[in-house]
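Report on one structure; see the data block that follows.
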Amino acid sequence: MVQKYQSPVRVYKYPFELVMAAYEKRFPTCPEIPVFLGSEILHESRSEDGAIHVVERSCKLNVDAPRLLKKIAGVDYVFFIQKNTVNWRERTLRIEAHNETFASRVVVRETCSYSVHPENEEWTCFEQSASLDIKSFFGFESTVEKIAMKQYTSNIKRGKEVIEHYLKELISQGITFIPRWSPPAAKEERAAAVGRAPGAILDPGAAGACSELCFLPAADKLDADYIERYLGQLSPMQESCLIRLRQWLQETHKGKIPKDEHILRFLRARDFNIDKAREMLCQSLAWRKQYQVDFILQSWRPPALLQEYYTGGWHYQDKDGRPLYILRLGQMDTKGLVKALGEESLLRHVLSINEEGQKRCEENTNIFGRPITSWTCLVDLEGLNMRHLWRPGVKALLRIIEVVEDNYPETLGRLLIVRAPRVFPVLWTLVSPFINENTRQKFLIYSGNNYQGSGGLVDYVDKDVIPDFLGGECMCTVSEGGLVPKSLYQTEDEPENSDHIRLWTETIYHSASVLKGAPHEVQILEGESVITWDFDILKGDVVFSLFHSKRAPEPSHKEATSPSPSAAGDNVQLIDKTWVLGVDYSRVESPLVCREGESIQGSHVTRWPGFYILQWRMHGPLPCSSSSLPRVDDVLASLQGSSHKCKLIYYYEVLASKDFRNASLQSCLFL
């Protein structure tokens with residue numbers, strides 16, 4: 001595999017001619033670069049007017065490699081051929097180098113250039129690129145590659161320091177100006193006018209005016225100081241990966257490309273493997289374009305219900321300057337939010353939080369004067385219980401985690417979990433496999449009151465920022481949540497009101513109408529497995545049953561005894577009226593009367609292959625004997641039944657028996 005390197009642009013706030021004088025001090029030997037043992041000029045030429053100067057050298061290098069490897073290779077030193085071409089008219093220097101030693105086994109090529117800054121002709125830019133291709137090396141290809149890359153990257157930093165060293169040396173000698181090249185006739189006239197020899201170095205007066213190396217943007221390329229200031233400390237190879245991926249995006253994505261910190265997050269998520277980072281980033285860019293995520297902060301307005309019951313919000317920043325997001329998960333009715341708003345609204349809200357987080361990171365970078373590329377999340381689990389382990393809710397959570405992991409990698413700097421209850425390990429077991437290993441390492445979990453005192457929150461968050469509900473003095477405006485009223489639950493005939501392209505193409509819950517004389521039924525074809533269900537009765541009372549049949553039902557939308565035939569639009573019947581109970585099908589779960597407002601969860605272990613049918617039918621009063629009075633519940637149900645329609649939302653899932661753990665095998669009722 002060919003290893004490549006591309007440097008950022010480094011800008012010296014010195015004229016090109018002065019930088020060239022500093023560069024020439026590196027030859028024929030340079031004590032400042034220990035591995036560079038010396039050089040010999042092989043060829044030198046100049047153009048007639050002196051504008052072009054070409055020098056070809058043989059350079060001797062000492063390689064820091066194990067003695068055994070040197071002995072096997074039969075060499076103590078390696079030689080490179082370096083060709084320097086200076087164009088004084090254009091004010092450029094192009095350096096081309098390749099290895100002479102082991103040229104048939106290893107191919108090393110390097111290209112460097114010095115040129116005038118495009119926005120200020122008194123400054124000089126430097127760029128460097130290289131490639132390494134090890135074809136064969138006595139079976140030590142991997143070792144040689146590591147040695148070569150390590151030594152090369154260390155010399156990159158040293159090379160910057162050497163130029164700076166010689167620039168300061170020139171300035172200390174009073175040399176701060178070297179005249180630009182001009183044609184011979186003009187040069188003689190100018191020299192005669194001021195009474196000096198052509199090419200003399202003069203103007204020692206401004207020594208110290210530009211006494212340090214600085215880095216400024218050049219054209220549309222990254223420069224070293226920008227990277228350090230806004231992106232953080234990167235190794236030379238990490239800088240190279242960022243620049244190469246950025247260049248590829250500029251060439252292939254003619255439109256707007258992501259910000260540099262966004263590109264860097266994907267590189268970090270893939271350990272700076274360019275191919276893997278490019279694949280991940282391109283998929284994310286296509287996703288953002290398809291669902292118009294770039295405009296979500298302008299277009300998304302959280303519904304009032306979400307603002308009232310979603311227990312999360314931004315709250316100052318942590319000690320490292322990262323934006324701090326607080327989530328009171330234990331106080332949140334996740335089940336109610338999913339049923340009232342749908343998965344689409346929750347996902348879009350989470351995405352808006354991530355977009356806002358990136359925006360706040362940029363703002364804090366400018367405020368604190370250092371790179372801040374991630375945020376901290378403080379999660380309070382007080383109140384977490386089995387209700388939060390509701391399977392459809394966990395499934396929705398895992399889907400949201402998947403979307404965030406794929407499109408917002410390396411945005412979470414730290415996750416502080418406090419007041420974790422005993423039920424937390426169960427939730428963690430379900431969720432952790434879907435979280436990237438790099439992300440999991442950022443989790444800090446405190447049970448009980450362990451978050452208080454040394455080693456707790458005060459190590460990461462200033463005391464005056466710790467929220468009041470965690471014992472701090474800072475008033476926190478995050479919603480306290482509460483149970484979402486069931487009257488606000490959604491059905492499919494009351495879809496989410498949104499003009500956006502749907503991010504969530506599949507909904508967890510289905511809605512159904514149960515009509516008088518027309519139950520709603522769902523077919524499941526299974527053998528040895530576990531059927532689980534979860535449903536809410538939104539209107540009226542129904543009777544839930546589970547049947548088994550060896551015959552294949554034929555789905556049909558049948559007319560019901562209803563004033564409006566269209567009312568049966570979301571009503572499906574499977575059990576034919578000609579079927580006989582006990583002959584064509586059998587009951588495998590006892591009928592369960594479900595009242596309006598109730599939430600029902602249950603499961604059944606299948607025993608026989610064939611077809612299982614979930615049925616909801618309208619509940620009516622049972623015939624009573626002459627000696628007994630009708631029950632109050634039955635009277636109320638009969639009055640309610642006059643509407644001829646019940647409504648419910650339901651979810652079901654079929655699990656393999658081996659995957660079903662820690663769940664009741666009988667129907668259970670949760671109000």
Side-chain angles (χ1 to χ4, degrees), residues 4 6 220-222 227 230-231 234 238-302 341-362 373-375 395-413 431 433-439 495-508:
K4 295 184 178 180
Q6 175 65 55
D220 191 28
K221 299 179 180 180
L222 297 184
I227 290 176
Y230 292 98
L231 306 179
L234 301 179
Q238 290 173 342
E239 290 178 339
S240 172
C241 290
L242 173 62
I243 293 166
R244 288 164 56 199
L245 182 53
R246 188 175 186 268
Q247 288 176 342
W248 181 85
L249 288 168
Q250 289 173 329
E251 294 169 1
T252 57
H253 291 63
K254 301 302 181 183
K256 182 180 178 182
I257 69 170
K259 295 181 179 180
D260 299 319
E261 53 267 32
H262 195 65
I263 300 174
L264 186 58
R265 289 188 180 107
F266 284 84
L267 282 166
R268 285 184 169 136
R270 291 296 179 263
D271 295 324
F272 286 88
N273 182 309
I274 288 185
D275 292 335
K276 292 181 179 180
R278 177 167 52 220
E279 180 182 0
M280 183 184 185
L281 178 56
C282 287
Q283 291 176 353
S284 178
L285 292 178
W287 171 82
R288 295 181 70 89
K289 183 176 181 180
Q290 180 179 358
Y291 298 110
Q292 303 175 2
V293 179
D294 287 335
F295 308 102
I296 198 168
L297 289 180
Q298 293 78 30
S299 61
W300 170 248
R301 293 295 178 268
L341 294 170
E343 304 91 336
E344 172 75 15
S345 291
L346 287 177
L347 176 57
R348 195 166 288 275
H349 188 60
V350 171
L351 296 184
S352 72
I353 292 171
N354 280 270
E355 292 292 317
E356 177 68 21
Q358 293 184 146
K359 180 181 177 183
R360 287 173 178 263
C361 285
E362 294 178 24
T373 58
S374 60
W375 57 85
K395 192 172 182 179
L397 174 62
L398 295 180
R399 170 61 179 148
I400 291 174
I401 289 175
E402 181 184 15
V403 172
V404 172
E405 286 277 301
D406 288 344
N407 298 284
Y408 299 93
E410 297 298 315
T411 52
L412 181 66
V431 172
F434 296 88
I435 302 175
N436 181 275
E437 176 62 27
N438 292 338
T439 303
E496 298 177 49
N497 183 21
S498 174
D499 297 329
H500 305 294
I501 301 173
R502 287 189 64 85
L503 285 156
W504 203 297
T505 55
E506 296 181 0
T507 182
I508 290 178

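The shortest distance between side-chain heavy atoms of Trp300 and His349 falls below 4.5 Å. By the 4.5 Å heavy-atom criterion applied to side chains, Asp275 and Arg278 are counted as neighbours. You'll find the side chain of Val350 stays beyond 4.5 Å of the side chain of Val403, heavy atoms only. Ile257 places a side-chain heavy atom less than 4.5 Å from the side chain of Arg246.
Taking CG from Asn407 and CE from Met280, the interatomic distance works out to 7.5 Å, rounded to the nearest 0.5 Å. Note that the CD1 atom of Ile296 and the CD atom of Gln292 stand 10.0 Å from one another [nearest 0.5 Å]. Rounded to the nearest 0.5 angstrom, His262 NE2 and Thr373 OG1 are separated by 12.5 Å. In this structure, the separation between CZ on Arg348 and CG on Leu351 is 7.5 Å, given to the nearest 0.5 Å. Distance check: Asn438 CG to Arg270 CZ gives 9.0 Å after rounding to the nearest 0.5 Å. Taking CG of Leu264 as the reference point, atom CD of Glu261 lies at 8.5 Å (rounded to 0.5 Å).
Looking at every heavy atom in both residues, Leu285 comes nearest to Pro258 through CD2-CG, 3.5 Å. Cys361 and Trp375 get closest at one heavy-atom pair: SG-CE3, 3.8 Å. Counting all heavy atoms, side chain and backbone alike, Ala269 lies closest to Pro409 at CB-CB, 3.5 Å. Contact detail for Cys241 and Ile274: the closest heavy-atom pair is CA-CD1, 3.8 Å. For the residue pair Glu410 and Arg265, the shortest heavy atom distance occurs at CG-O, 3.6 Å. Across Asp260 and Leu242, no two heavy atoms sit closer than the pair O-CD1, 4.0 Å.
Formation of a donor-acceptor pair under 3.5 Å by the Arg244 side chain with backbone atoms of Lys4 is found in this model. Side chain of Thr439 to backbone of Ile435: no donor-acceptor contact under 3.5 angstrom is found. Of the possible polar contacts, one joining the Glu405 side chain to the Asn436 backbone as a donor-acceptor pair under 3.5 Å is found.
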Exercise for the section: Give the intermediate values and the outcome of salt bridge (Lys or Arg N to Asp or Glu O under 4.0 Å) for residues Glu355 and Arg288. Expected result: CA-CA 11 Å; Glu355 292 292 317; Arg288 295 181 70 89; 2.9 Å; yes
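Note: Tyr408 and Trp287 have perpendicular aromatic rings, judged against thresholds of 30 and 60 degrees for the angle between ring planes.
For the pairing with Arg360, the side chain to side chain donor-acceptor pair (under 3.5 Å) check across Gln358, Glu356, Glu362 returns one residue only, Glu356.
A salt bridge is absent between Glu279 and Lys276; no separation between the charged side-chain nitrogens and carboxylate oxygens falls under 4.0 Å.
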